[in-house]
Amino acid sequence: MDQVARYVYYLFALVAVASALVFVTRKSPVSAALWLVSTMFAIAGMYVLMDAQFVAAVQVLVYAGAIMVVFLFVVMLLNLGEGEASEEFRRSRTRIAAGALGLVLLAIPLTVYRGGFYSVLVPTDRPLVPSAVTGEVNVVTSVAQALFTDYLIAFEVTSLLLLASVVGAVALAKRRTPA
Amino acid sequence: MIGETLTISAVLFAIGVVGVLTRRNALILFMCVELMLNAVNLTFVALSRLHGGTLGQAFVVFVMTVAAAESAVGLAIIIAVYRHFGTVDLDRINLLRG
């Protein structure tokens with residue numbers, strides 16, 4: 001990975017974390033959603049730099065596109081745009097406890113990756129294996145190979161899940177009319 | 001780069017957890033859950049890059065599908081809750097608190 005790509009990578013990482021921080025502190029659901037879109041775009045950029053172009057495209061289409069549009073649609077449908085200013089966050093004792101728990105949750109993976117067993121099993125600072133997706137095999141072929149051969153049953157079950165969630169969403173959101 | 005990515009994904013996950021615990025708006029809570037799912041996806045992609053394969057990316061596709069299904073059903077539930085209570089403030093939706 002050359003130097004320019006490394007700088008771009010750090011830029012995306014910075015944008016992702018900064019947007020996520022701004023996202024959780026916004027009062028209005030609309031601006032929170034837009035900052036979350038920014039985080040998702042930055043994550044998509046990181047995917048591209050890690051040779052996951054297909055996942056990056058799906059991330060932009062499905063997450064930043066479809067899912068966030070549904071969120072904004074619900075915000076505007078329920079007319080929640082303003083937010084009830086002082087009541088958006090829990091009281092300060094809960095916030096301090098949540099912050100402490102967040103730090104603990106942050107410390108666990110960091111110790112595991114850096115000094116713990118993960119870096120012993122698979123040293124994360126060793127030179128990268130040459131990517132399997134350069135040259136003849138492209139990334140879509142490679143992902144599709146896994147999806148449509150070894151994980152075909154799981155893939156088909158996913159379509160059932162989507163069908164169930166579509167029916168469930170309509171059944172839940174439908175206005176009950178008196179029979 | 002992989003180590004940095006794992007760190008960033010841990011940071012994003014922790015931000016999502018803190019958001020879930022501190023916010024009272026059900027919609028923003030759902031967005032925080034999406035952020036946590038994104039952090040996990042980032043870990044999948046980073047580790048699949050570390051091993052030089054693409055199997056982790058196939059799993060990310062599954063995670064995204066489940067996230068889409070979850071957000072559709074979850075938002076439908078929020079709409080139903082809003083119709084019933086007239087609010088999405090989680091501290092005021094306390095029927096089970098007794």
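Chain identifiers are assigned alphabetically (A, B, ...) following the order of the sequence lines, protein sequences preceding nucleic acid strands; residue numbering begins at 1 within each chain.
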If I measure from the heavy atoms of chain A, does [X] come under 4.5 Å with its side chain, its backbone, both, or neither?
X	value
F59(B)	side chain
V73(B)	both
S48(B)	neither
A67(B)	both

Pick from [options]: which one has the most heavy-atom pairs with chain A under 4.5 Å?
options	result
G16(B), G19(B), A58(B), G74(B)	A58(B)
I77(B), L42(B), L37(B), L35(B)	L42(B)
L75(B), V60(B), T65(B)	L75(B)
I78(B), L55(B), V20(B), V61(B)	L55(B)
V66(B), N41(B), V18(B)	N41(B)

Keeping [X] on the side-chain end and [Y] on the backbone end, is there a donor-acceptor pair under 3.5 Å?
X	Y	result
Q59(A)	A64(A)	no
T39(A)	W35(A)	yes
S31(A)	K27(A)	no
S165(A)	L162(A)	yes
S142(A)	V139(A)	no

At their closest point, which heavy atom of [X] faces which heavy atom of [Y], and how far apart are they?
X	Y	answer
A56(A)	A44(A)	CB-O, 3.4 Å
M31(B)	A32(A)	SD-C, 4.3 Å
V24(A)	R23(B)	O-NH1, 2.7 Å

Open item on the list: Regarding Y10(A) and E4(B), do their side chains bring together a donor and an acceptor under 3.5 Å, going by distance alone?
Closed with: yes
Best-contacting candidate, [options], against chain B by heavy atom pairs under 4.5 angstrom:
options	answer
A20(A), A16(A), A146(A)	A20(A)
V62(A), V58(A), L77(A), T94(A)	V58(A)
A154(A), A164(A), A66(A), A144(A)	A154(A)
L172(A), V166(A), I43(A)	L172(A)

Open item on the list: Report which part of F23(A) has an atom under 4.5 Å of a heavy atom belonging to chain B: side chain, backbone, both, or neither.
Closed with: both
TODO: Answer with side chain, backbone, both or neither: which region of S159(A) has an atom nearer than 4.5 Å to a non-hydrogen atom of chain B?
DONE: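 Answer is neither: S159(A) stays 4.5 Å or more from chain B.
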TODO: Report whether M68(A) and V70(A) are members of the same hydrophobic cluster (ILVMFWY, side-chain heavy atoms less than 4.5 Å apart, transitive linking).
DONE: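 Same hydrophobic cluster.
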